[in-house]
Amino acid sequence: MKVGYPCINLTIGCKGSSRFWLKSYSEERLIDTASNNLDCLHKMLRFNMKHDILFFRIASDLIPFASHAVCRLDWPSYFRREFEDLGSYINCHEIRISMHPGQFTVLNTPVPSVLENSTKELLYHTRVLDAMGLDGTAKIQLHVGGIYNNKQKAILQFIERYRDLDEKIKKRLVIENDERNYSLRDCLWIHSETGIPVLFDVLHHKLSNSGESLEEAFALFTKTWGKEDGIPMVDYSHQQTAKLNARHSESIDVERFECLLEQTKPFDYDVMLEIKDKEKSVLKVLPILMRDPRFRSTAHV
DNA sequence: CCATGTCAAGGTCAC
DNA sequence: GTGACCTTGACATGG
């Protein structure tokens with residue numbers, strides 16, 4: 001079990017996901033922004049290592065507009081050195097990595113241009129992880145997509161589109177249960193047809209499920225991850241506690257997180273805390289994790 | 001300098 | 001059919 005947070009570190013004062021507006025695109029601007037992002041990513045990983053944080057989600061904006069037609073730069077070559085340095089740091093320290101394309105990446109869309117853009121976006125994410133030399137345990141998480149008035153058909157469409165993807169993408173792609181359209185049960189069905197692993201989102205499951213308890217859910221989704229996929233991944237967040245003033249200070253409820261650990265004792269997994277205050281929430285739960293025999297700290301590496 | 005408007009992309013729902 | 005919302009910031013421009 002490794003613990004982490006997504007994309008942004010609020011302590012160290014740099015940003016690994018800076019972008020700019022498309023209309024001000026220039027190759028120079030791209031190179032400048034991407035250089036800073038890559039540099040900041042390295043800083044965030046070093047910060048994480050100091051604090052026993054071995055799971056991290058890399059922001060999709062690492063190389064802005066990389067999947068857009070406007071980008072003519074051969075960025076994997078241009079930044080080869082930076083990617084290799086990052087990759088060796090990640091591999092040496094056994095850091096777990098994920099990425100999560102945005103809402104515009106939809107595989108089961110009926111619109112050809114959307115499919116084309118989505119495929120390019122998935123290819124971009126894959127190329128980032130490949131450029132770092134990471135193995136198949138570095139994952140790209142995606143929601144199943146839209147319903148289009150016919151869920152059964154939409155699921156079959158997803159399966160068909162998944163099968164058509166490049167092997168390099170397939171090796172990394174996992175699906176995540178969402179809060180509205182595709183529940184754990186739906187994802188498991190897609191898994192049975194395709195073999196794609198299911199990343200479990202605790203909050204989404206609470207909002208949309210088929211009556212499975214947390215224990216039952218863990219027993220189900222953890223089985224969808226093969227040896228080559230690595231330890232199953234979990235996204236954890238909770239709804240804001242009804243407190244005055246909580247609006248700007250959302251942070252993890254340590255007791256509730258402790259309940260999760262307690263309820264899922266038989267299972268090993270890597271957990272991403274999707275909480276507004278990012279690494280601060282991770283630091284808050286570290287003392288509890290340190291007492292958990294499943295937890296992997298930097299002392300193990 | 002500061003305030004405000006705008007930003008690649010999709011899907012869903014309320015009206 | 002249109003527009004707000006998701007989610008949130010921060011880039012960019014105009015005053």
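Lettering of chains follows the sequences in order, A, B, ..., and the numbering in each one begins at 1. Basis for what follows: all heavy atoms, side chains included, without hydrogens, waters or symmetry-related copies. Quick caveat, the model's predicted, so the values are computed rather than measured.
- Pairing partner, dT7(C): none, since no Watson-Crick or wobble contact has both distances short of 3.5 Å.
- Side-chain polar atoms of E121(A) and S67(A) form a donor-acceptor pair below 3.5 angstrom.
- If you check dT8(C), dA12(C), dA8(B) against the side chain of S67(A), the one that comes closest is dA8(B).
- Side chains of N108(A) and Y162(A): a donor-acceptor N/O pair is absent below 3.5 angstrom, by distance only.
- With D235(A) as the partner, the side-chain hydrogen bond (donor to acceptor under 3.5 Å, both in side chains) test is satisfied by one option alone out of H100(A), Q141(A), H205(A): Q141(A).
- For the OP1/OP2 pair of dA8(B) and a distance below 4.0 Å, the side-chain nitrogens and oxygens of N117(A) include no atom meeting the criterion.
- For the pair H143(A) NE2 and dC6(C) C1', the interatomic distance rounds to 11 Å; values are reported in whole Å.
- Looking at the side chain of K276(A), the nearest of the listed nucleotides dA8(B), dT8(C), dT7(C) is dT8(C).
- Nearest heavy-atom pair across T109(A) and R161(A) is O-NH1, 2.8 Å.
- Contact annotation for T109(A): backbone-only contact, meaning every heavy-atom pair under 4.0 Å involves sugar-phosphate atoms and none involves a base.
- One atom, CD of E274(A), and another, P of dT8(C), lie 10 Å apart when rounded to the nearest Å.
- dG10(B) and dA10(C) have their C1' atoms separated by 22 Å, given to the nearest Å.
- Judged by ring centres under 5.5 Å apart and planes tilted less than 30 degrees, F104(A) stacks against the six-membered base ring of dA9(B).
- Only the P atoms considered, dC5(C) is 16 Å distant from dG5(B), to the nearest whole Å.
- Following rounding to the nearest Å, Q103(A) (CD) and dT7(C) (P) show an atom-to-atom distance of 9 Å.
- Nucleotide dC6(C) holds its C1' atom 12 Å from the CG atom of D178(A), rounded to whole Å.
- Summarising the base pairing, dA8(B) is matched to no nucleotide, lacking a Watson-Crick or G-U wobble pair whose two defining distances lie under 3.5 Å.
- Between the P atoms of dG9(C) and dG11(B), the separation comes to 25 Å (whole Å).
- Computed from coordinates, the D277(A) CG to dG9(C) P distance equals 13 Å when rounded to whole Å.
- Ring centers of F218(A) and Y269(A): under 6.0 Å apart, within the cut-off.
- Nucleotides dC2(B) and dT8(C) have their P atoms positioned 27 Å apart, rounded to a whole Å.
- The separation between Y182(A) atom OH and dG11(B) atom P is 11 Å, rounded to whole Å.
- Within 4.0 Å (heavy atoms only), T105(A) reaches no atom of the nucleic acid at all.
- Comparing atom distances between the W21(A) side chain and each of dT7(C), dG11(B), dA12(C) picks out dA12(C) as nearest.
- Spacing between atom CD of E116(A) and atom P of dG10(B) amounts to 13 Å, rounded to whole angstrom units.
- Put simply, OH on Y148(A) is 4 Å from P on dG11(B), counting in whole angstrom units.
- Comparing dG3(C) with dT6(B), their P atoms are spaced 15 Å from each other, to the whole Å.
- K15(A) comes within contact range of the sugar-phosphate backbone alone, with a heavy-atom separation under 4.0 Å but no base atom that close.
- Of the residues listed (M49(A), H42(A), K50(A), M44(A)), the one engaging R46(A) in a side-chain contact (heavy atoms from CB on, under 4.5 Å) is H42(A), and it is the only one.
- Taking only side-chain nitrogens and oxygens, R180(A) never comes nearer than 4.0 Å to OP1 or OP2 of dG11(B).
- Dashed line: the shortest gap from a side-chain N or O of R19(A) to OP1 or OP2 of dA12(C) is not under 4.0 Å.
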